[in-house]
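The basis for the numbers below is simple: all heavy atoms, side chains too, and nothing from hydrogens, waters or symmetry mates.
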Amino acid sequence: MSGGVNDLVLTVADGVNAAELAAEIEATFAAGLSDIGVTVMTAADDLTYTLVYEDIDNDQAFFNMLAFVIFAGAVAAAFNLTTRLVEHARREFGIAMALGVPRRRIALRPLLVGAQIALLGVVFGLGMGWLIAEAMQGVLEQFLPFAEWRTTMKVGLFAQAAAAGFAVPFLAAAIPAWRAVRVDPVDALRTGHLAARGQGLSSFVKRVRMPGNTFTKMPFRNFVRAPRRTILTILGIGAAVAVLVMILGAIDSFLITVDRGEEAATAGERDRIIVDLDQVYPVAGGPVQAVVNAATVGEARPGLRVGGVLVNGETDIDAIIEFIDFESGLFRPTLSAGSAPGDDVGVVIAEKAANDLRVGVGDTIRLRHPMRQGLLAYSLVETDFRVSGIHEHPFRFFVYMAAEDAGVMGLAGLANSVDVVAVEGADVGDVQEELFEASSVVSVQRADSAARLIRDLLDTFIGVFQLFEGVVLILAVLIAFNSAGLGVEERRREYATMFAYGVPRRRAVRMIMIESTLIGTLATVTGVAGGMAMLVWFLRSLGSSSMPEIGLDILLSPVSVAIAVTVGVVAVGLA
């Protein structure tokens with residue numbers, strides 16, 4: 001094809017509107033070269049440009065959501081910690097107030113403790129943030145191997161995080177400290193079991209008859225004695241579980257979608273190989289028959305694939321139109337609704353395309369497609385077709401038509417691809433090796449190569465999710481251990497009294513574990529519900545803009561649920 005072109009790159013002169021120039025080019029072709037199809041694209045229309053630049057905002061929204069939820073859980077944990085520290089020193093505050101110590105001086109100590117916790121938390125958090133960023137850089141460099149990654153230290157961003165990380169825990173210490181010094185000294189001196197009298201749900205639960213002895217009832221009564229502290233603990237652990245569930249659910253959803261795409265691409269023959277040719281050729285001879293007669297090729301079926309655009313109103317979707325034999329052959333798409341095209345010319349579109357275009361079986365849809373005008377000349381025309389069926393492939397750009405309908409595009413009796421199955425004892429590598437020398441063959445690949453490519457890319461991106469899995473897992477265990485430790489510490493007088501009366505230590509441990517398991521169970525339920533809500537939002541809002549071509553299934557596998565339960569219930573109970 002010496003001297004021929006099918007692509008033209010233009011730069012826009014200063015002061016010229018790109019959209020107006022594109023419209024002028026299309027009008028010029030329509031007026032003087034109506035038999036030549038032309039599509040005008042800007043840089044923003046290029047898929048690579050979209051993935052690299054426009055997808056940044058979607059990624060940022062995703063990470064902002066993770067950061068906010070993790071931060072909210074940490075805030076709840078910090079508030080719970082400082083509140084319980086202040087309440088643990090309540091008797092000391094009461095004695096100091098009774099002795100006439102100024103209340104502002106009494107409040108100074110918990111404020112200093114809160115400042116120490118906040119400051120050390122900031123130092124530790126900045127260090128962890130830097131380590132996570134370093135680990136993230138390695139994953140991103142593998143996922144997107146740009147010519148150069150510029151990873152300068154974002155001092156301003158880290159300073160904002162440090163300011164928020166210090167202010168919130170300090171405020172969490174200031175509020176209970178201010179409340180503690182405003183009560184009467186006699187109230188501050190009341191012991192633990194009296195301090196809870198009439199508070200929270202204790203008075204309500206006391207009227208509920210529960211089976212079992214005192215030791216059986218005690219964990220449940222302790223659970224509701226101070227509902228504020230219990231709720232804060234549940235929220236802290238639940239936030240970590242929610243992030244974990246969303247990450248696990250995203251991985252499950254991506255994997256099940258890829259599996260469905262792989263299954264849909266190989267329906268009828270899992271070893272199907274697609275041989276693409278450089279242009280259309282007659283089916284009866286030439287390059288098509290050369291592929292069919294290749295020594296490594298067993299069964300073969302000539303095919304035809306062309307590009308097009310599905311249009312309905314203001315919405316349009318790029319499409320790959322494949323003409324196939326619905327009655328026989330190596331491949332037949334699995335239909336979820338409708339049927340294969342019959343006597344009338346129809347199209348079979350993907351479920352995702354049907355949803356995005358808001359059409360169903362029996363509706364009319366417009367297809368912008370090439371119309372052959374000569375040996376190498378094609379115009380672009382728009383034709384209305386009936387939607388005869390909807391197929392299950394998750395990639396929305398696949399459109400199927402009956403092989404006998406290729407004449408509507410002036411392509412009857414022509415092929416630009418061949419579906420083949422290797423002979424016994426050969427594989428795709430052998431077919432590639434034999435057809436490598438054929439000048440008309442441009443690619444030889446498995447039918448499920450697109451799904452395999454996405455799976456390979458997904459395996460790399462899963463590394464990002466796994467990084468966050470480790471972080472939230474550690475956070476959940478730390479919150480649980482801290483809460484359990486404080487709970488035991490503030491009830492040490494009660495346990496000491498029980499030990500003095502001969503209560504076995506294993507019984508006391510069992511009561512503590514039951515109470516922690518109750519908290520962990522509620523935290524897990526809260527986290528799973530919140531995580532599923534985040535997952536649905538992420539896949540439906542961000543997924544639709546980041547990956548509009550893929551119809552993602554929303555799934556949380558039993559294994560992921562088991563992991564969430566292990567973190568939220570088992571780990572908290574053992575803490």
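Contacts of Thr257 classified as side chain to side chain contact (heavy atoms under 4.5 Å, CB included), with partners at least two apart in sequence or in another chain: Pro394, Ile550, Leu552, Asp553.
Counting only heavy atoms from C-beta outward, the side chains of Phe124 and Met128 approach each other to under 4.5 Å. Between Leu556 and Val561, some side-chain heavy-atom pair lies under the 4.5 Å cut-off. The side-chain heavy atoms of Met65 and Trp537, taken from C-beta on, include a pair separated by under 4.5 Å. Here the side chains of Leu248 and Leu244 are in contact, with some heavy-atom distance below 4.5 Å. Between Pro504 and Phe499 there is no side-chain heavy-atom pair separated by less than 4.5 Å. Counting heavy atoms from C-beta outward, Met246 and Leu66 have side chains that approach closer than 4.5 Å. In this structure the side chain of Val536 reaches within 4.5 angstrom of the side chain of Ile554, judged on heavy atoms. For the pair Tyr495 and Val503, the minimum side-chain heavy-atom distance is 4.5 Å or more.
Taken to the nearest 0.5 Å, the CD atom of Glu263 stands 10.5 Å off from the NE2 atom of His393. Atom-to-atom distance recorded for Trp178:CH2 and Leu111:CG is 10.5 Å, nearest 0.5 angstrom. For the atom pair CE (Met498) and CZ (Arg507), the distance works out to 10.0 Å, reported to the nearest 0.5 Å. How far CD1 of Ile95 is from CD1 of Ile106: 10.5 Å, rounded to the nearest 0.5 Å. Separation of atoms CD1 (Ile231) and OG1 (Thr526) is listed at 10.0 Å; rounding is to 0.5 Å. Distance CZ/Phe79 to CG/Leu171: 7.5 Å, rounded to 0.5 Å.
Of the possible donor and acceptor atoms, one in the side chain of Ser253 sits under 3.5 Å from a partner among the backbone N and O of Leu555. Here the side chain of Asn312 pairs no donor or acceptor atom with the backbone of Thr315 at under 3.5 angstrom. The closest donor-acceptor contact from the side chain of Arg260 to the backbone of Glu392 lies under 3.5 Å. Checking side-chain atoms of Asp252 against main-chain N and O of Ser557 turns up a donor-acceptor pair under 3.5 Å.
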key: Verdict with supporting geometry, Phe397 and Asp318, side chain to side chain contact (heavy atoms under 4.5 Å, CB included)   = CA-CA 6 Å; Phe397 48 78; Asp318 290 334; 5.6 Å; no
message = Quick one, Asp356 with Ile317, criterion side chain to side chain contact (heavy atoms under 4.5 Å, CB included). Give me CA distance, side-chain angles, the key distance, then yes/no.
response = CA-CA 9 Å; Asp356 292 345; Ile317 294 175; 3.9 Å; yes
request  = With side chain to side chain contact (heavy atoms under 4.5 Å, CB included) as the test, would you mind laying out the steps for Val569 and Thr517 before giving the verdict?
outcome  = CA-CA 6 Å; Val569 179; Thr517 302; 3.8 Å; yes
request  = Take Glu92 and Arg109, measure what salt bridge (Lys or Arg N to Asp or Glu O under 4.0 Å) needs, and give me the verdict at the end.
outcome  = CA-CA 11 Å; Glu92 299 176 28; Arg109 196 180 80 174; 3.0 Å; yes
key: Intermediate values then yes/no, salt bridge (Lys or Arg N to Asp or Glu O under 4.0 Å), Arg150 and Glu148   = CA-CA 6 Å; Arg150 297 181 181 178; Glu148 178 186 5; 3.7 Å; yes
inquiry  = Assess the residue pair Val75 and Phe71 against the criterion (side chain to side chain contact (heavy atoms under 4.5 Å, CB included)); give the C-alpha distance rounded to whole Å, side-chain angles, the decisive distance to 0.1 Å, and a yes or no.
reply    = CA-CA 6 Å; Val75 166; Phe71 187 69; 3.7 Å; yes
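Residues Ala76 and Gly236 share a closest heavy-atom pair of CB-N, 3.9 Å. Of all heavy-atom pairs spanning Val12 and Ala18, the tightest one is CG2-CB, 4.4 Å. Counting all heavy atoms, side chain and backbone alike, Met97 lies closest to Ala180 at CE-O, 4.0 Å. For Leu310 against Ala319, the heavy-atom pair with the smallest separation is CG-CB, 4.2 Å. When all heavy atoms are compared, the tightest approach of Val241 to Ala564 is CG1-CB, 4.3 Å. Residue Ser336 comes nearest to Glu351 through the heavy atom pair OG-OE2, 2.8 Å, listed as atom of the first residue, atom of the second, then distance.
For the 3.5 Å distance criterion, the side chains of Thr524 and Thr521 fail to qualify, holding no donor opposite an acceptor.
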